[in-house]
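Heavy atoms only: backbone and side chains are in, while hydrogens, waters and symmetry mates are out. We name chains A, B, ... by the order of the sequence lines, and we start the count at 1 in each one.
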Amino acid sequence: MARAYDVSEVEKKWQERWAEEGTYEVDSDDPRPPWYVLSMYPYPSGPAHMGHVRNYTFGDLLVRHRTMLGYGVLSPFGFDSFGLPAENAAIKTGTHPRIFTDARIAELKDSVTSLGAVYDWRREVRSHDPEYIMWNQAIFQKLLAAGLAYRATAPVNWCPGCQTVLANEQVLADGTCERSGDVVVKRDLEQWFFRITQYADELLAGLDELEWPERVKTMQRNWIGRSEGAEFDLVVEGRDGSDGREPLALRVFTTRPDTSFGMTYAVVAPEHPLVDALTTAEHRADVAALRSRAEASTDVERMSESGPLSLVKRGVFTGSSVINPFTRRPVPVYVADYVLMGYGTGAIMAVPAEDARDWDFAQAYGLPVVRTVQPPEGWEEHGGPAGGPGGAYTGTGEKINSEWLNGLDIPTAKAKASEWLETEGIGERTVNYRLRDWLISRQRFWGCPIPVVYCPDHGILPVPLEQLPVLAPDDVEFLPTGESPLATNPEFLNTTCPRCGGPATRETDTMDTFVDSSWYFLRFTDPWTPDVPFDPEIASHWMPVDQYIGGIEHAILHLLYARFFTRALADVGLAPEEMREPFARYYAQGMIRMDGTKMSKSKGNLVAPSSYLTTVGADALRLFHLFVGPPADDMDWTEQTDSVIEGCGRFLDRVWRLAVPPDEPVPQTRSGPLTGKDVEVQRATHRLIDRVTRDFERWSYNTAVAACMEFVNLLHPYVRDGGQVEVVDAALDTLLLLLAPMTPHVTAEAWERRHGDHVHLRPWPVSDPVLVAEESVTMVVQVNGKVRDRVEVSPEVSEADAERLALASAAVVETLDGAAPKRVIARPPKLVNIVV
RNA sequence: GCCCGGGUGGCGGAAUGGCAGACGCGGUGGACUCAAAAUCCACUGUCCGAAAGGGCGUGCGGGUUCGAAUCCCGCCCCGGGCACCA
């Protein structure tokens, strides 16, 4: 398609100029009010794909718009450059991950620049830079010293495909690895953890103040999974100490202490430490069988056995009973894998009447059910699935069968039961979280080495700060062995103890790459001050990030880790104490789908942006992404998409031809007094300012673009038919200013030709309220809610006048046909509805 | 199973209790041209009608209201998150 101007030349010229003139470089002593815009730093996988284009278009728009509004805008960029693909490429091709990664970074950087997105490149951060590694390690040492990093043996998620440990968050719901798709198995390994659970309450409470999408906050709340309840002891029957033997009790956690009178059995997890003590001789074989099966089974197998029918296989009686302290009667204790050792106390009181899982288990084992909440009328007959008999009832209702709790509602009964447990000294109120500590060890090469040394005499020792960074050597074997490749490199592995100087070995695991991305936004604020990862004062100047932009796929992991890290850094003195939340506003843009799946390199359904850069150009591609729909929505890339992109290019051509008329013929503008048509265009200009400004505020870029198109549709015939020169100039200048954040190159070039300076350094236009106000509005006249006429009225028309005008309408008179209105609703100046 | 979103022309979407379908894509017709491209102009939800005009219409069924795409109740479908977390 022939374009109205040389797109490639114009775009190249301005990209170079923005870089040369450092237009978007900003320092912390900048007198303008600070504003920090950040798009999530990308994993460098090669040239930008459409998802990047969409993301960086929104980010760049904000940077340019906020700059025009008078802010000193911090707009940094960097690369999340550690990670598996580079290492896999190394395994496959023998190329060192650094060489591979640096090449991908160069490609991505290049294509981001060719979109016209502007950044303060002086601040570029790359996870694999030795300096960033050093500070990552220094932070680790601080966390270690503060007890926020620790080493522990734990059953961990092991991915046989990736040959590494995974965080809980990286295991999908079906028990497979999010990256390789292999079934994840459990292994007991000694690993490094970050104590994120220490911040569970704060991370939960902090969500309230954030301007984030509600659904993201909900996801985080669910992930943290706070539940209030009580823990208490169930004395094992015959082990109350009266026979001289050590007393034995089973501690259980419940969120429903009010249902305690309905406890008809108890369950312990297969891994529970008291299983042996509870199991009687005759049940030992059964229990052992169950335990070994539970140990060997993967999460997938456990899940596939779920459902009431399979429960029979999954639990076994221990032979022991415990005393329900509420009823003082014994109930049997079972071992079952539906109780998890990792949550609460690893043991539960089972109340089949008010818990679905306990109900299923009780049905399978013929255990009694005692209701303690009155179910609604008819529940036992048709409260269940498909109108069948009702099962566990978890709703509200009056307490029954519960002695001194009878007649109470559930919240009151909960409080009273907990209070009783505390006064009797049997237990206490507690809070439990679903959130686990963050496992950061990875048996991988291409990551930040964990900077510790193991000395046979002095144990675990941090590598001294002056010896940081601990860098991986280049000559390693990359084949996946289940151990970090670093372990196979004697020169790296063998070192000396920092305390005694004797022989010692290094930790060979590297950190989860989510560690890198948990504080890069802080590093961006000040990558220059020596001896600190960033200057706390300077960080304070910019933080929190005013607008964070990135995919919803990071709603839990990255965003939660970063929130934890910011607090942890503040608490160990690396960041100001009052800095708690890193991202004040977060916007999750939708993803791009093709044939129903996410467009991604791994799916092989990428559409390369580069081909559009040479045809319609970056501006048209950006405009398309803004115009196609609400930014939060997913968008489908279809056969029609190319035509829409062409349409965006056509629109920019029209803008160009209006704003930069060719020498011949000269546009037919005239000077002199304003006619009605001139004033109409003038008013439309100011209404456009108003509309685009408001649409920008609410992220409604598609309607902002539509408004500009509408305006051009109005302007085009006006200019052609001889518009008033000042009105035309003001209209075109305004249009260029409003489009400048969206389509920076073409507006910059057109503006320079018209005025000789930079459009992006001009202030954002301000509308004149007098001109924005409508001169006359169309009032709709309805009869019984149906439109019968439209009348032009003044915006200030009175209720009485509106009513009078409506009733005088010929169309209304005809419709009424002599009938007297029962009621007239006048909402001047928009509408009058006559009810007959 | 639980918790969020969402369902509007041929398509992307607009309209946050007041003219449903802005804007764009696609389509149809026309102007310009030897012709094409580009550009420009007009029409384009659906049904009835030659037209003027009118009926119907925002997943389905009810309700609130002078008035509902919008609010409430029930249902269906699509997308996402969580899921033995006691």
Inset, instruction - Can you run through RNA chain B from 5' to 3' and write each base as (, ), [, ], | or . depending on how it pairs? Watson-Crick or G-U wobble, both distances under 3.5 Å. - result: (((((((..(((.....[....)))((((((.......))))))((((....))))..(((((..]....))))))))))))....
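- Checked by atom type, the side-chain pair A:E231/A:T345 shows no donor-acceptor distance below 3.5 Å.
- Here OG1 of A:T743 is found 9.5 Å from CG of A:L61. Values are rounded to the nearest 0.5 Å.
- With P as the reference atom, B:C75 and B:C25 are 43 Å apart, rounded to whole Å.
- Of the options A:L688, A:L738, A:V692, a side chain to side chain contact (heavy atoms under 4.5 Å, CB included) to A:F711 is made by A:L688 and by none of the others.
- One interatomic measurement links the two molecules: CG of A:L658 to P of B:U39, which rounds to 14 Å at whole-angstrom precision.
- Side-chain proximity of A:R720 to B:A86, B:C40, B:C23: nearest is B:C40.
- A salt bridge links A:K217 to A:E214: one of the charged nitrogens lies within less than 4.0 Å of a carboxylate oxygen.
- Between A:R434 and B:A86, a side-chain N or O to OP1/OP2 separation shorter than 4.0 Å is absent.
- Between A:W359 and A:Y338, a ring centre-to-centre spacing not shorter than 6.0 Å is recorded.
- To the nearest angstrom, P of B:A86 lies 17 Å from CZ of A:R251.
- At the heavy-atom level, A:R654 lies under 4.0 Å from the strands shown only through sugar-phosphate atoms.
- Following rounding to the nearest Å, A:I552 (CD1) and B:C4 (P) show an atom-to-atom distance of 15 Å.
- Among the nucleotides B:G81, B:C40, B:A15, the one closest to the side chain of A:R698 is B:A15.
- Heavy atoms of A:V780 sit under 4.0 angstrom from at least one base atom.
- Between B:C4 and B:G57, the two P atoms lie 32 Å apart (nearest whole Å).
- Distance noted for atom P between B:U70 and B:G59: 8 Å (whole Å).
- The pair A:R54-A:D634 does not count as a salt bridge, with every side-chain nitrogen at least 4.0 angstrom from each carboxylate oxygen.
- A side chain to side chain contact (heavy atoms under 4.5 Å, CB included) with A:P352 holds for exactly one of A:F361, A:Y365, A:Y265; it is A:Y265.
- The separation of B:U58 from B:U46, taken at their C1' atoms, amounts to 13 Å, rounded to a whole angstrom.
- A distance of about 45 Å separates the C1' atoms of B:G54 and B:G80, rounded to the whole Å.
- Looking only at side-chain heavy atoms (C-beta outward), A:W212 and A:L559 come within less than 4.5 Å of each other.
- Here B:G9 is in the syn range [glycosidic angle within 90° of 0].
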For nucleotides 26-30 of chain B, list the nitrogen or oxygen atoms of the protein found under 3.5 Å from its nitrogen or oxygen atoms, one pair per line.
none

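- Taking atom CD1 on A:I645 and atom C1' on B:G12, their separation rounds to 12 Å, with Å as the unit.
- The distance from atom CE of A:M219 to atom C1' of B:G79 is 12 Å, rounded to the nearest whole Å.
- Remark: the separation of the P atoms in B:A15 and B:G62 is 29 Å, to the nearest Å.
- Closest contact between the side chain of A:I348 and the listed nucleotides B:A86, B:G12, B:C23 involves B:A86.
- Taking the side chain of A:R788 as heavy atoms from C-beta on, and the options B:G54, B:C25, B:C23, the nearest nucleotide is B:G54.
- Contact annotation for A:R657: backbone-only contact, meaning every heavy-atom pair under 4.0 Å involves sugar-phosphate atoms and none involves a base.
- Side-chain N/O atoms of A:E228 and A:T255 include no donor and acceptor closer than 3.5 Å.
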Legend entry - Per-nucleotide protein contact string for nucleotides 63-74 of chain B (B base, S sugar-phosphate only, - none; heavy atom under 4.0 Å): ---BS-------
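- In terms of position on RNA chain B, the residue among A:M635 and A:E214 whose nearest nucleotide sits closer to the 5' end is A:E214.
- When each of B:C19, B:A86, B:G81 is scored by its nearest atom to the side-chain atoms of A:F253, the top-ranked nucleotide is B:A86.
- Between the CZ atom of A:R429 and the CG atom of A:L421 there is a distance of 9.0 Å, given to the nearest 0.5 Å.
- As judged by a 4.0 angstrom heavy-atom cut-off over every strand, A:K822 is placed among residues making no nucleic acid contact.
- Residue A:N702 places none of its side-chain N or O atoms closer than 4.0 Å to OP1 or OP2 of B:A22.
- Rounded to whole Å, the P atom of B:G29 lies 13 Å from the corresponding atom of B:A37.
- Each of A:G225 and A:H716 lies near RNA chain B, and the nucleotide nearest A:H716 is the one positioned closer to the 5' end.
- Checked against a 6.0 Å centroid threshold, the rings of A:F627 and A:Y701 do not count as neighbours.
- One can place CG of A:L652 at 13 Å from P of B:G24, the figure rounded to the nearest angstrom.
- Taking atom P on both nucleotides, B:A38 is separated from B:G26 by 10 Å, rounded to a whole Å.
- Atom CD in A:Q220 sits roughly 12 Å away from atom C1' in B:G81 (whole-Å rounding).
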Inset, instruction - Start with the C-alpha distance between A:D337 and A:R291, add both sets of side-chain angles, then the distance that settles salt bridge (charged side-chain N to carboxylate O under 4.0 Å, His left out), and finish with yes or no. - result: CA-CA 8 Å; A:D337 67 0; A:R291 289 180 86 177; over 6 Å; no
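- Salt bridge annotation for A:R823-A:E803: absent, with no cationic side-chain nitrogen under 4.0 angstrom from a carboxylate oxygen.
- Electrostatic pairing of A:D695 and A:R698 counts as a salt bridge here, judged by a charged N lying under 4.0 Å from a carboxylate O.
- Of the candidate nucleotides B:C23, B:C3, B:G12, B:C3 has the atom lying nearest to any side-chain atom of A:T218.
- Look at CG on A:N222: it is 10 Å from P on B:C4, rounded to the nearest Å.
- Residue A:S227 places at least one side-chain N or O closer than 4.0 Å to OP1 or OP2 of B:A86.
- With salt bridges taken as basic N to acidic carboxylate O contacts below 4.0 Å, one links A:R804 and A:D801.
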